[in-house]
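Reading through the structure tokens given below for one structure.
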Amino acid sequence: MNARPRVVVIGAGAAGTAACYAAHAAGAEVVLFDGGPGATSLSTGAVDATPWEQRAAAAATLGLALVAEPLPAEVEAFVTALGCWQLVPAGGPPAWLATESGRLRSARGHDRALLSLAGLPHGARVVLPRVERAEWDADALARALAADPAARALGVALGAADADLLRLHGEERIPAADLAARHDDPERLAFLGARLERVVADERRRDRRVDALLLGPWLGSREARARELGERLGLCVGEVLGTLGGAPGLRLEAARARLLGPRVDLVPARVRSVARVDGELVVRPAASSRAGAGAPTRADAVVLATGGLAGGGIRYVAAEQDAPRGAPARARVPFALSLEAPVRLGVHGEDLDITSSTLGPSLDEVGWPTSAAPSLLESVGLRAGPHRELAPGIFGAGDALADRPRTLLGAVATGLEAGRAAAERRD
Amino acid sequence: MERSSARLRQRRELDGLRRLARQLDRAERARGHGPRARRRGELRADADPLGVDLRVGEREQQLVARRGPGCIQERREQGTGTGLVRCRPDPVRDEDGVEGTRAPVEAEDARDRTLARAPRRQREALEVSAVEPARHERALDLRDERVEPIGGLERPVVGGRAHAQVDDRERRVDAGPVHRLGHDVGVAVEVDHEIEAARRGNERVRQAQHAPRYGALSGAIELGRRSLVRVRGLARLCRVRRGAGLVGLGRASVIACGADSAGEGGRRDDERSRIELRRARSVAPRRDGERRLRGVVSVARARVPERQGAPGRDGGEAHGADCEAQGGRARRGAGRVAERASGSERAPHPHGHRRWRRALTRGRARPVAAHAPAQGVACRPPRPPQGDRARLGGAQVVRGSPARARRRRLGLPRGACLRHRATATTAALVGPSSRRPRRSHPAWPQAPRRPGRFARNAVRRLCYTQTVKEPRAALARAPRTLAATSGESPRDVDVAIIGGGVNGTGVARDAAMRGLRVALFERNDLAFGASGNSSGMIHGGVRYLTYDPEVTEKSCRDSGHIQAIAPHLLFRIPFLMPVPRRRHARILAVLMDAFFAAYDRYQPLKRGKPHTRLTPEELRQLEPGIEGDIVAAMTFDEWGIDGGRLCAANALDAAERGAKVHVGVTVEQIERDADGAVTAVRYRDRHDGRGGRLTTHVVVNATGAWAPITASLGALAPVHARVRPGKGIHVVLDRRVSNYAVMAESIDRRAIFVEPWQNVSIIGTTDDDYYGDLDQVSATTEEVRYLVEGIARVLPSIRSARIIGTYAGVRPTLHAWGKLEDQLSREHEIIDHTAHGAPGLYSMIGGKLASYRLFAEEMTDILARRFSLSSRCTTHRSPLPGGEAEVSPFALAERIGVDAVAARRLVYRHGARAERIAERIARRPREALAVCTCEPVTEAEVRHVVRHEFARTVGDVARRTRLGLGPCGGVRCAARCGAIVAEERELAPGAGAHQALEFLRRQARTRVVGLGPEQAQQEALGIATVRAQLGIAHDEAGE
């Protein structure tokens, strides 16, 4: 009845967004089910195509310079359209991000609010204002970062300076993302700018160089305010790479809403099942979803971009959970997709199988990744065929796929591929 | 003729001895050491360090009633019995008036505001809730005492607060659960008590203490005849004690009956169980219920004669006389029923008699005379040396109990082997101060010590004059070879202690206090092994109560000492022990009641509360999550402690008294000279690789499960310091899931428990032989499931509780072949390796957290003798660092500007030393910021433990402060802590990140074995965070 194919994308993270974008571009009518925040919404702001430490280790082993790997053109186009990420040019030096843990790490790209030390001139000095917040020990962080080999290689010095950036009582203990949200207010941002100006002036009065200001992840939750501040101060201003659940994830969500708003039909609901009924795919939202979302949705193709274990797309079901009397109700794989769908889970290139134990597998040895192998918890996912097709008409994207490194650009690439394939699929 | 005159002489001698015993006993009482004096006087003077309860004299029963929030009002009532004074804050309600909900982290602000507004008293109340969630506060409502008059006596109502201290007699006759079940089962209790008295063997004491009970006993018997069923059950219980039926009765019942704790089989032949068994068998017509009843009752009254008669064949006359005495006493006390019983049961059964003798001659029996009355001892032949001693090849083994050590010094019973094996070493060990009288600590309430013990010792001394003469002389003559150190070449230190567990640090402290120059080497970290991975309790050794009450007393007493010296580290853990419905369950409950009543007598030593018996309804009221068909439940009282803090405090004190404490430094070799004597240790720092050599006179191997390995560093065969390593794991839940500790049974009938501990709950524990790498002990999925399934039978909600980690340690139990792990002795011994050709090397084997101080004292006593020191142990009197004074967390919180919860935790960990951290913060207010928010740890505290408490890595800091051990698993704080550690230790910042990664990896490994759905997701997110921040690989920035 509809000339345009109808693609249902389940999951609104990086991969789901990319799938929507690609499917829409390919001419499909797109319905996006958003079941709430996942790994993308919690992301830290570093954007990679391959795990950065693997690239760093490989470069060190081979004695090569670390460079940014080339990306597919469609990925770059998507990132440009999304607008909240900034990629470094392929073949050039990578971005160097300061982490809250006191390390410098390379990245293929980063959230626009983050400060990349790679862009600073040799001999530059980065100042960290002292702020009375638990996670922000400016002196220790400056010391740790300055001692990092990468900082020495970049020729960047770091130092701390007194500042008074908090305005209201209690701001020393609110979550970083809340503080970032306060800086969405232009007046508050102006306050921050004025205080930072004072910091810079103080430093310069003492004949200390200031080339950049490194702050915590506090610069806006709707969009990055770093550039505005930088222009006002005539400096580079940026954030440090924080922990999960900070402001970059919020900014990404805002950017996604801007990108997809006119393009897709967004349903804020979790999906209970995807099934093929009479040759058609039917997506049923969970019963607990809000009004209007309860009706089943028909689809020509479905993209599962539900995320991996971290995002909640895959669940680990310990055998004890449904075993009221000591033995599980039935033998089963302890990992499960968070919705019912005719797909298979796998890991390390094999199907997940029922373990020969009434109480499930032993995770003793595989819980934490080593430098050699990823953790089982990061690797379990859906087993896909060509074009990320899991079953006829069902495609997988992002972290929901097995054995794929959990990187943002990788998720985008698979999402674009799955979205396009879904839109172009003809029965 | 000659023979009979000899008997006559012997009898006269015995009579004289009895008289002497009575005199000594009287003298002892007159000095105020008697049990009654103690009950009346000493306890009254004691201020409870935790302000929980205070026992007062019989004449002033003081009860405290609450009126309004925070208002404590005393109500004085004249009456009999002992009362309790309670000083406790009110139960806390949060702002919605809901009692018992733990404020989530987000609500802390609100709570802080409340705290700031609240009047002082309320703040005190809130303070407690800040530390212990209000749920647990309700748990402590156990202290609430409602007094309702029943039957003309004021007795506490079980449930509201079950355990007012009623005089023993009242408890039996009128109060408590026995009353509820009827006196017939009371028989069992009384009989048991009577056995207890008989076992103690002091005739006079028995008369004094238990004579009133005979009235109760006879009445009980009459009642029992009316309802024979239960008593019959008891009889059956006795009969099957050592058979397969025992399994169905559970361990507690066995303990209660006085058999071994071993469960089935009863390998440890307890004299009492044997006698009872025999008596029960000797009741001929089994079909007749009444006969059975008599059989049981006769256990009480017929056993003493038989025991006296049995061991010595030539003791017949004495035996007869004693029987007469017994009979007379029984008649006086028990009246006609007892008389009737004695009529049928006076003569021991001939078969039983033979069996008894056989057991003795085969050497299978435990030494009867160990607790035997004086008159029995005289007839007992000396015991041949035991097998394990022979195996040790002449090594002088000083067993744990000080009483035994004393006995050995005196060459008295149980020390028979010593008489045969006295060597020069022995002389050195037990020589100089052997006659030192038993030390008592006047500052501390004494145990309900066995009355007349002094007298008994004196009696034994006299009895054994002949046999002991020769070895005593040998002792006097023995050259003090070891002590002759003054002429030796100077050494860097006097003592090098290897092992930074609770024993090692305890010895370091004690030795340093007595003026020795001490160096302590710890390979990993203080409390890295069993000390830091224990159940976190200093329990009173309940399980030893029936067969070795001295160990119980020792444990309780030392637990009390630890409380006195480190009150800030202790917290009360009330235990609930449900009795599930099964065969004999009600009888089992009665026996358990009796058993815990016996334990109650030791509770005052550690300021524990007496036990309570609860009905199922009361149990569910207290702990609503408990499911299953429960017949009854017991409560008893133990104390929790943070083992890591205890070690740190000991090490800190040692260091402040001049000891050198090296953490993260492994000893690679113990050097010995041509004579085999210890000369030095070679060590290497495991962090920076620097090595060195330290000359020493003595090396103490206090490495717990590592002991054989350490011994081998001195070129000794590892078997000379053999332990049987038993791995035990614990599962940590994210919050306190129960109000009380709850006992449960695992699938193989082991006793396991879930206990609220600090701000988490802990499930424990397993006990399995372990042969793996001691540095890498970790729990497995199977072990976690074993524990969770066991607890889930009682608390099914435990399945959905969130496991935030596990920990595992290896117990250094004394080596024994052929025993199940749980049966292994938790005693300790010190091996002097002189016997193995290595003078100056001692190994401390076994032991447990509760008696570490005593173990350390024993070790240091040996050292003191070796170095001819006259100073005595004062570790039980000098407070540990932090225990000197009380610090108000509230004042502290206000002063340093941290929230009350953080201040309370800080004060818990550091006691008075929290002031030093507060000073740091006063100098640098920035350091008040929390590094770890789950377990509030400030930056100042991290810096403090790195600077002053020997922490060298993130993991060390976690053991000192519990940083990173909360629900977040350290994902947020490890890196920051690593940076601080690196800065304090002036390491490269990369090293801090490396340590953080190592800590995270190790912690993740402990969590992954207990994953649930949320934990798995959290774990995956944690991995993502660490990947983003630090990278998983250790690349160039690593070190």
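This structure is a prediction, so every number in the text was calculated from the model and none was measured. Within every chain, numbering begins at 1; the chains are lettered A, B, ... in the order of the sequence lines, protein sequences first and strands thereafter. Heavy-atom basis, side chains included; hydrogens, waters and symmetry copies ignored.
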Checklist entry - Which distance, rounded to the nearest 0.5 Å, do you find between the CZ of A:R133 and the CZ of B:R926? => result 11.5 Å

Item to check | Heavy-atom pair with the smallest gap, counting every atom of B:A1028 and A:L241 | outcome: O-CD2, 3.4 Å

Item to check | Shortest non-hydrogen contact between B:L1021 and A:L244, atoms and distance | outcome: O-CD1, 3.2 Å

Checklist outcome for this item: Heavy-atom nearest pair, A:A310 first then B:Q1017, reads O-NE2, 3.1 Å

Checklist entry - What residue, out of A:A140, A:P369, A:G102, has the most heavy-atom pairs lying under 4.5 Å from chain B? => result A:P369

Checklist entry - Looking at CD of A:E100 and CG of B:L1030, how far apart are the two atoms once the value is rounded to the nearest 0.5 Å? => result 11.0 Å

Checklist outcome for this item: So, the part of A:L42 with a heavy atom under 4.5 Å from chain B: the answer is side chain

Checklist entry - So which of A:G311, A:G312, A:A144, A:P51 has the biggest tally of heavy-atom pairs under 4.5 Å with chain B? => result A:A144

Checklist outcome for this item: Interatomic distance, CD@B:E927 vs CG@A:D137, rounded to 0.5 Å, equals 8.5 Å

Checklist entry - Under 4.5 Å between any side-chain heavy atoms of B:R1027 and A:R406, yes or no? => result no

Next on the checklist: Applying side-chain contact (heavy atoms from CB on, under 4.5 Å) to A:L377 and B:L1011, what does each step give before you reach the verdict?
Outcome noted: CA-CA 11 Å; A:L377 300 176; B:L1011 280 191; 4.1 Å; yes

Checklist entry - In Å, rounded to the nearest 0.5 Å, how long is the span from CD of B:Q1029 to CG of A:L97? => result 10.5 Å

Next on the checklist: For A:E132, which atoms come within 4.5 Å of any heavy atom of chain B: side chain, backbone, both, or neither?
Outcome noted: both

Checklist entry - Can you say whether A:V240 sits under 4.5 Å from chain B via the side chain, the backbone, both, or neither, judging by heavy atoms? => result neither

Checklist outcome for this item: Pair count under 4.5 Å, heavy atoms only, with chain B: among A:R143, A:R315, A:E172, highest is A:R143

Next on the checklist: So which residue, A:A39, A:A146, A:G45, A:G242, ends up with the most heavy-atom pairs under 4.5 Å with chain B?
Outcome noted: A:G242

Item to check | Non-hydrogen side-chain atoms of B:R1002 and A:W368 separated by less than 4.5 Å | outcome: no

Next on the checklist: With a 4.5 angstrom heavy-atom cut-off, is it the side chain or the backbone of A:T243 that approaches chain B, or both, or neither?
Outcome noted: both

Checklist entry - How many angstroms lie between CG in A:L376 and CD1 in B:I1023, if you round to the nearest 0.5 Å? => result 9.5 Å

